[in-house]
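Single-structure report; data block below.
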Amino acid sequence: MKNKEIAKIFFNIASFLETEKADFRTIAYKRAALSLESLDEDVEEIYLDKGLAGLEEIPTIGKNLALKIEEYIKTGKIKEYEKLKKKLPVNIDEIIRVEGMGVKKAKILYQKLGVKTIKDLEKSAKDHKIAPLFGFGEKTENNILQGIEFLKIDKGRSLLGFIMPEVEKIILKLENLKEVKKTSIAGSARRMKETIGDIDILVASDNPEKVNNFFVSLPGIKKVWAKGPTKSSVHLKEGFDVDLRIVKEESFGSALQYFTGSKEHNIATRKIAIKKGLKLNEYGVFRGKKKIAGQTEEDVYNAIGLSYIEPEMREDDGEVQLALENKLPKIIGYKDIKGDLHCHSNWDGGKNLIEEMAEFAINIGYEYIGISDHTKFLRIENGLNESQLLKQREKIKKINEKFKTKNFIILHGCEANILSDGSIDIKDEVLEKLDYVIAGVHSSMKIDRKKMTDRIIKAMKNPNVDIISHPTGRLIQKRDEYQIDLEKILKTAKETGIILEINSWPERLDLKDIYIKMAKKAGVKMIINTDAHEKSQMHLMKFGISQARRGWAEKSDIINTLPAGELLKYFI
DNA sequence: GCCGTTTTCGGCCCGACTGTTTTCAGTCG
C-alpha cells in the first residue's frame with residue numbers, strides 16, 4: 001500500500017506551500033492527504049485497474065493530484081515535492097511535531113539559524129539563539145525545549161483501553177467540584193478510536209475560572225501549555241496532553257458536538273448548516289444572530305436537518321449524507337450483549353475457576369458465558385488435550401446444575417489452534433461434542449498471503465469450527481496483521497456460516513472497524529468477545545462493542561446479542 | 001487544488017490562546 005507514503009508527501013507539500021502562503025492549495029493537499037490515509041483500497045491497485053479516472057473518483061483527488069499520484073506510482077518520486085525540499089531543506093514534518101512549532105516558525109529558524117532537524121532546533125534553543133530573534137522570545141525558546149523533552153519520552157498515541165481509565169479519573173475529580181454542572185469525554189476518546197493522541201474533556205459551568213484553576217493544579221501535571229477563560233491545555237506525567245473546554249450549560253450540546261469531532265465530520269456538518277442559511281459553532285446553531293439550538297447534541301443535529309449521529313460514526317465516512325436522508329443504521333448498543341463466548345478459566349492457566357467466571361458474568365447481567373480454553377498445541381498456555389476437554393465438559397455439566405435456577409448457562413467450547421497446514425490441533429470426534437469451537441492462528445504468522453488465506457479457509461471448512469478468533473492477528477502498535485485475502489475469507493465465511501470474532505482486547509480490536517464494515521456488507525455474522533483470562537477482564541467488552549459501532553454493525557450482525565437458545569442454532 | 005440541490009467560477013468551518021507586539025500572526029483543535 002502506497003497510500004500512507006503518498007499521504008505523507010502531500011502533507012509535506014502542504015507544509016512547504018504554507019511557508020510561502022497559506023492559500024487554498026495547502027488545504028487541498030491536506031485534505032487529499034487525510035483522504036488517502038483513511039482510504040481502504042490501495043491507490044496503486046485503483047490506478048492499475050482504472051487509471052487516472054479511477055484516481056479522480058477518490059473524493060478530494062482531482063486531475064492535478066491524480067497526476068501526482070500516477071507520477072509517484074511510476075517513478076517513486078514527485079518532482080514538485082523534490083523541488084520544494086531543495087528550496088527549504090528542512091525535516092518539516094519532524095519539526096512541527098514539537099508543540100508550538102509550526103511551518104512559519106520552522107522557515108524563519110532555517111533562514112536565520114540553519115535549523116533543519118529537531119536536533120538542530122534543540123541545540124539552537126540551548127545556545128539561546130532563538131529568543132533574540134524577531135517574533136520569538138524567552139518563553140517560546142523554553143516551550144520549544146520542553147516540547148522536545150516531551151517528544152523524547154512520548155509514546156505517541158496510546159491504546160484506548162489504557163487511556164480510558166485515566167480519563168475517567170480526571171472526569172471524576174472534575175465532577176466533585178460544585179461549580180461543575182455537566183462533564184463529558186470528547187474528542188477521539190468519545191469516538192472510541194483504537195488509539196488516542198490526547199484527551200479532550202468538556203465541562204458545563206457558570207464559573208469557568210474556578211474550574212480552570214482547579215484543572216491546571218491537578219496532581220500529575222507537568223506543564224500547562226495554555227490557560228484562558230474558557231479553555232486550557234496541559235501535559236500529564238503519563239505522557240499525553242489533556243485539553244479542557246468550559247462552556248455554559250445552554251451550549252453544552254453544540255460544544256460537545258464540536259469538541260467530539262472528528263474534524264472532518266465537523267467541517268461536513270458546518271457546511272450543511274451553511275447551505276441551510278445557518279451557522280454552526282461550539283456555542284450553538286444560529287440563524288442570523290438568533291440561536292436556535294445548542295443545549296443538547298440531538299437539538300444541534302436536528303436543527304441543521306440531520307438525524308442524531310452516534311459519536312463512533314463521526315468520521316465523515318458517509319454518515320452525514322445518511323443522516324440527511326434519515327437512513328442511518330441503528331448501530332449496536334452497549335447493553336445489547338447477552339454473553340461472552342471467549343473466556344479462559346484456570347484450566348488453561350487463566351486466573352479464575354469456571355464458577356467464578358460464571359458468577360461474574362451473572363453479576364454483569366449476562367445470560368450465558370462460554371468457556372473456551374486454549375488447546376494442546378499451545379503448551380505455553382497450558383493448552384488442553386482431548387481427554388482434558390472431555391473432563392472439563394463433565395465438570396461444566398455439573399456446575400450448570402447449580403446455575404439452573406438463575407436462568408444462566410455455561411456453554412462449553414475451546415479456542416483451538418489452526419496449525420500451519422490449516423488442520424485443527426484437536427480430533428474431530430472431540431470437537432463435535434463441544435457446544436461450539438473457536439479456532440485461531442497462534443503460530444507461523446509470517447507465512448505468505450496465499451498460504452495464510454488457504455490455511456484459514458481450510459479451517460473454516462472444518463464442519464466443527466464455528467468461530468474464527470482475532471481473524472487478522474494484529475497487535476496494535478506491536479504486530480501487523482497476518483497477510484490474508486480478506487475478501488476470500490469473507491466469501492468463505494458467508495458460504496460456511498462461520499462467525500468472525502471482534503476481539504475486545506484493547507491491543508487486538510480484531511476485526512477492526514473497516515473490516516467490520518466489509519463483513520457486514522458481505523452478510524457475514526460476527527461475535528464480540530473479550531478473550532478474558534481473568535474475570536474482571538470481561539469488562540473489556542465495551543471496547544469490542546465500540547469497535548463494532550465504529551464499523552456500523554447493527555444488533556442483528558452480532559450473534560451474542562441473541563438469547564442462548566437462538567445463539568446455539570448458529571453452532572449446529 | 002477541488003468542487004457543485006445556490007455555482008464550471010468563486011467559494012473553501014470556525015474559534016481560542018499565546019507570545020510578541022502595540023493590533024495580530026502563528027498555532028492548535
Side-chain angles (χ1 to χ4, degrees), chain A residues 10 13-15 17-19 21-35 55-69 80 95-109 130-144 147 186-188 197-202 208 212 216 223-234 241-247 251 254-255 257-286 304-305 316 320-321 324-325:
Chain A
F10 282 180
I13 291 180
S15 294
L17 292 174
E18 212 177 340
T19 62
K21 190 170 67 164
D23 65 3
F24 288 102
R25 280 179 76 210
T26 65
I27 293 177
Y29 273 102
K30 276 188 201 169
R31 275 194 199 137
L34 279 173
S35 134
L55 294 176
E56 282 186 56
E57 278 172 23
I58 304 168
T60 73
I61 304 294
K63 200 160 199 150
N64 210 306
L65 293 185
L67 283 170
K68 293 218 162 46
I69 294 173
E80 186 182 351
I95 287 201
I96 61 176
R97 282 181 61 216
V98 178
E99 178 83 21
M101 279 296 295
V103 294
K104 302 275 170 69
K105 284 183 185 165
K107 186 182 183 184
I108 295 171
L109 292 182
I130 293 177
L133 296 177
F134 183 82
F136 292 78
E138 287 290 332
K139 283 192 175 172
T140 306
E141 191 173 84
N142 281 332
N143 277 343
I144 286 173
S188 53
D198 58 16
I199 294 177
D200 301 300
I201 297 173
L202 180 69
N212 244 336
V216 298
K223 167 87 184 168
V224 178
W225 291 117
K227 177 170 171 279
T230 68
K231 147 181 186 184
S232 41
S233 178
V234 301
D241 290 349
V242 185
D243 294 342
L244 176 75
R245 184 76 188 255
I246 305 152
V247 295
S251 294
S254 43
Q257 197 276 332
Y258 151 74
F259 213 23
T260 297
S262 64
K263 194 175 171 183
E264 293 71 33
H265 174 85
N266 286 354
I267 292 173
T269 48
R270 286 174 182 201
K271 277 185 182 166
I272 299 268
I274 291 168
K275 267 185 203 158
K276 301 198 182 248
L278 304 168
K279 185 170 88 165
L280 168 60
N281 62 24
E282 55 260 58
Y283 301 108
V285 180
F286 298 87
I304 59 171
D316 191 28
V320 174
Q321 187 57 33
L324 205 53
E325 297 163 8

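In what follows, every chain begins at residue 1, and chains take the letters A, B, ... in the order their sequences are listed.
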Atom pair distance, as rounded to whole Å: [atom1] in [X] and [atom2] in [N]:
X      : N      : atom1 : atom2 : value
A/L17  : B/dG1  : CG    : C1'   : 10 Å
A/E56  : B/dG1  : CD    : P     : 13 Å
A/K63  : B/dC2  : NZ    : C1'   : 13 Å
A/K68  : B/dC2  : NZ    : P     : 8 Å
A/I267 : B/dG11 : CD1   : P     : 19 Å
A/I272 : B/dG4  : CD1   : P     : 12 Å
A/I96  : B/dC28 : CD1   : C1'   : 12 Å
A/E18  : B/dC28 : CD    : P     : 10 Å

Taking atom [atom1] in both [N] and [M], compute the distance separating them and give it to the nearest angstrom.
N      : M      : atom1 : answer
B/dC12 : B/dT18 : C1'   : 27 Å
B/dA16 : B/dT20 : P     : 22 Å
B/dC9  : B/dA25 : P     : 33 Å

Hey, can you pull the donor-acceptor pairs under 3.5 Å for the side chains in residues 267-276 of chain A, sequence neighbours left out?
from	atom 1	to	atom 2	distance (Å)
A/T269	OG1	A/H265	O	3.1
A/T269	OG1	A/N266	O	2.8
A/R270	NE	A/L280	O	3.4

Identify which nucleotide among [options] has an atom closest to any side-chain atom of [X], counting heavy atoms from C-beta outward.
X      : options                : answer
A/Y29  : B/dC28, B/dG1, B/dT27  : B/dG1
A/D243 : B/dC12, B/dG29, B/dT27 : B/dG29
A/N64  : B/dG26, B/dC12, B/dC2  : B/dC2

Check your understanding: Would you call A/F24 stacked on B/dC2, i.e. ring centres under 5.5 Å apart with the planes less than 30° off parallel?
Key ->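 Stacking between A/F24 and B/dC2: absent.
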
**Study point:** Nearest-nucleotide comparison on DNA chain B, the residue closer to the 5′ end among A/D200 and A/L280
**Key:**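 The residue whose closest nucleotide sits nearer the 5' end is A/L280.
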
Check your understanding: Would you say A/F286 and A/N281 make side-chain contact, with heavy atoms under 4.5 Å?
Key ->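 A/F286 reaches A/N281 side chain to side chain.
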
Review point. With side chains defined as the heavy atoms from C-beta onward, is the minimum distance between A/I144 and A/M101 less than 4.5 Å?
Key: yes

Check your understanding: Is the distance from OP1 or OP2 of B/dC28 to the nearest side-chain N or O of A/R97 less than 4.0 Å?
Key -> no

Review point. Taking only side-chain nitrogens and oxygens of A/K105, does any of them come within less than 4.0 Å of OP1 or OP2 of B/dG26?
Key: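 So the side-chain polar atoms of A/K105 never come under 4.0 Å of the phosphate oxygens OP1 or OP2 of B/dG26.
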
Practice item. Give the B/S/- string for nucleotides 15-23 of chain B, one per nucleotide from 5' to 3', where a protein heavy atom under 4.0 Å of the base yields B, of only the sugar-phosphate yields S, and otherwise -. Key: SSSSSSS--

Practice item. I would like to know whether A/N143 and A/K223 meet side chain to side chain donor-acceptor pair (under 3.5 Å); could you show each step before the answer? Key: CA-CA 10 Å; A/N143 277 343; A/K223 167 87 184 168; 2.8 Å; yes

Point to revise | Salt bridge A/E18-A/K30, side-chain N to carboxylate O under 4.0 Å | key: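 Yes, this pair counts.
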
Check your understanding: Would you call A/E56 and A/K63 a salt bridge, taking side-chain N to carboxylate O under 4.0 Å as the test?
Key ->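 A/K63 and A/E56: not salt-bridged.
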
Review point. With a 4.0 Å cut-off on heavy atoms, is A/K263 in touch with a base, just the backbone sugar-phosphate, or nothing at all?
Key: base

Exercise for review: Would you classify A/L65 as touching base, sugar-phosphate or nothing, given that sugar-phosphate means primed atoms plus P, OP1 and OP2, and contacts are heavy atoms under 4.0 Å?
Suggested key: sugar-phosphate

Point to revise | Pairing partner (Watson-Crick or G-U wobble, both distances under 3.5 angstrom) of B/dT8 | key: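 Across all strands, not a single nucleotide pairs with B/dT8.
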
